[in-house]
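One structure below.
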Amino acid sequence: AIMLNVGHLAKTYGMLPHEVIKRATTYDLMITDVMGSWEKYQLDKALNKDAPPDLTQDQMMEMMHQLAFYFIMIQIMFYNL
């Protein structure tokens, strides 16, 4: 993924990849990664592709409680063996 970010920065700013590697900071690369993820999310959303389920906060909290319950049960089973 880092090479894609370097390539994207090089293309965007008309630089060669080695120039980007020499000048770019980790912050530059992080922002490029976030920007790419956001653009992909917006495109997928526009195409109605792989849309995450539309859950309420209560539904998400219930899922977290179920997960926590199962995690605790696995720990109990593991330590009681």
Side-chain angles (χ1 to χ4, degrees):
I2 192 84
M3 295 310 293
L4 291 174
N5 288 341
V6 169
H8 182 74
L9 283 170
K11 182 179 176 183
T12 300
Y13 295 106
M15 301 170 75
L16 293 171
H18 79 274
E19 294 172 309
V20 171
I21 290 171
K22 192 184 295 185
R23 294 186 58 192
T25 66
T26 54
Y27 185 74
D28 296 325
L29 295 172
M30 181 185 71
I31 294 299
T32 302
D33 183 52
V34 170
M35 184 181 74
S37 297
W38 178 252
E39 288 172 348
K40 182 183 180 326
Y41 168 76
Q42 291 296 322
L43 179 62
D44 288 348
K45 185 177 168 185
L47 298 174
N48 211 13
K49 179 180 173 184
D50 297 327
D54 192 16
L55 300 173
T56 67
Q57 186 173 358
D58 289 337
Q59 290 171 316
M60 289 187 275
M61 288 301 293
E62 178 59 30
M63 292 169 74
M64 292 296 292
H65 289 298
Q66 288 177 5
L67 182 61
F69 172 76
Y70 291 125
F71 181 70
I72 291 168
M73 293 305 292
I74 289 171
Q75 285 184 327
I76 291 169
M77 290 177 3
F78 178 74
Y79 288 114
N80 285 334
L81 290 178

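Sequential numbering from 1 along the given sequence is applied to the chain's residues. Bear in mind the structure is a predicted one, so any value in this text is a computation, not a measurement.
Closest heavy-atom contact between Pro17 and Ala10: N-CB, 4.0 Å.
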| said: Before you tell me yes or no, could you show the steps for Asp44 and Lys40 under side-chain contact (heavy atoms from CB on, under 4.5 Å), namely the whole-Å CA-CA distance, both residues' side-chain angles and the distance that decides it to 0.1 Å? | reply: CA-CA 6 Å; Asp44 288 348; Lys40 182 183 180 326; 2.6 Å; yes

| query | Can you list the steps and then say if Met60 with Met64 is a side-chain contact (heavy atoms from CB on, under 4.5 Å)? | reply | CA-CA 6 Å; Met60 289 187 275; Met64 292 296 292; 5.6 Å; no

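The backbone N or O of Thr25 lies less than 3.5 Å from a partner atom in the side chain of Asp28, making a donor-acceptor pair.
Shown are Thr12, Leu4, Leu9, Val6; of these, the side-chain contact (heavy atoms from CB on, under 4.5 Å) with Thr32 is made only by Leu9.
Around atom CD of Gln57, no more than 12 heavy atoms belonging to other residues, nucleotides or ligands sit under 6.0 Å away. Residue Met61 qualifies as open at atom CE: its count of foreign heavy atoms under 6.0 Å is 12 or below.
In this structure, CD1 in Ile76 is found 11.0 Å from CZ in Phe71, a value given to the nearest 0.5 Å. Rounding to the nearest 0.5 Å places CD of Glu19 at 10.5 Å from CD1 of Ile21. The CG atom of Leu29 sits 6.0 Å away from atom CG of Asn5, with the distance rounded to the nearest 0.5 Å.
A 4.5 Å side-chain heavy-atom check between Trp38 and Met35 finds every atom pair outside the cut-off.
Side-chain heavy atoms closer than 4.5 Å link hydrophobic residues (I, L, V, M, F, W, Y) into clusters, and following such links, possibly through other members, connects Val20 to Tyr13.
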